[in-house]
Amino acid sequence: ILGGYEAKPHLRPYMASLQLDGQHICGGFLIAEQWVLSAAHCTEETDGKVFQVLLGAHSLTEPEPHKRLYRVRAQIPHPGSNIHNNKDDLLLLQLEEKAELNAHVQVLPFQREDRDVAADTVCEVAGWGTISHSGHRPDKLYQVERPVISRDVCNHRTRHDRTITEKMMCTDSRRKDTCKGDSGGPLVCNGVAEGVVTAGSRVCGNYKKPAIYTRIAPYVAWIDSVMASAAG
Ligand SMILES: O=C(O)c1[nH]c2ccc(F)cc2c1NC(=O)[C@H]1C[C@@H]1c1ccccc1
């Protein structure tokens with residue numbers, strides 16, 4: 001998160017850190033007791049290794065009550081996701097067991113109505129991604145507020161030049177922005193997850209390259225069917 005600030009501990013009890021060998025790789029969030037939603041690109045370069053999911057954390061390293069690392073039973077990338085573009089950049093992770101819900105571990109509702117969030121709506125995004133252009137990796141969760149920008153503005157040839165589909169949305173990236181390591185986390189507007197930070201490599205904090213999110217509402221049928229089919 002660039003240009004943001006340290007989050008109040010445990011006010012975002014849905015936040016997940018996807019880890020490999022104890023290292024934060026991407027964000028994610030709890031959408032059901034046994035399911036985390038993240039970004040499919042985060043599984044590239046992991047050569048088939050399965051993530052572990054840290055829930056209930058504020059600090060990545062310090063011992064905290066209710067902080068717990070969960071094993072993952074299944075990782076299901078959206079079938080349309082691929083390494084060449086940001087399309088269908090979603091990943092569902094089924095935890096080995098139902099997460100123990102408490103004040104620090106909670107599910108975040110996601111938008112089920114497929115309608116664009118109005119431009120200028122101020123949403124919030126949090127993560128353990130880089131907090132400086134030099135790539136400093138924080139130990140604590142950071143957050144920032146960002147206004148939604150219209151798809152037409154985001155698709156301008158000087159911005160993302162017609163690559164933003166109706167299944168994506170954008171936020172202004174002038175100074176305050178998401179960055180590497182924040183991918184997979186939720187864009188929260190009025191308390192509801194509307195988007196997932198895309199994990200394609202992207203410059204951060206440059207107003208010419210707005211942040212891109214996969215909108216969740218267009219994928220409700222896929223999410224529900226995967227969760228229903230794998231129900232324990
Ligand atoms: O965050 C992303 O956009 C992104 N997209 C990817 C694609 C493949 C892939 F193998 C990884 C990623 C990845 N995450 C990262 O590189 C994480 C490791 C780096 C990081 C940054 C800040 C703080 C902690 C750790």
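We count ligands from 1, going down the list as the structure has it; atoms in each ligand are counted the same way. Reckoned from all heavy atoms, side chains included, excluding hydrogens, waters and symmetry mates.
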Which donor-acceptor pairs under 3.5 Å do side chains of residues 161-168 form with protein atoms, sequence neighbours excluded?
residue : atom : partner : partner atom : Å
Thr163  : OG1  : His160  : O            : 2.7
Thr165  : OG1  : Lys167  : N            : 3.1

May I ask you to check whether Glu194 and Gln111 show a side-chain donor-acceptor distance below 3.5 Å?
yes
Any donor-acceptor pair under 3.5 Å linking the side-chain atoms of Tyr70 with those of Glu97?
no
At less than 4.0 angstrom from any atom of ligand 1, which residues have a non-hydrogen atom? List them by chain and residue number.
Gln23, His24, Ile25, Cys26, His41, Glu44, Glu45, Trp128, Gly129, Thr130, Arg137, Lys180, Gly181, Ser183, Ala199
Lys208 meets the salt bridge (charged side-chain N to carboxylate O under 4.0 Å, His left out) criterion, sequence neighbours left out, with none
Across all chains, not counting sequence neighbours, the salt bridge (charged side-chain N to carboxylate O under 4.0 Å, His left out) partners of Glu96 are Arg73
Angle between ring planes, His10 versus His104, binned at 30° and 60°: parallel, tilted or perpendicular?
parallel
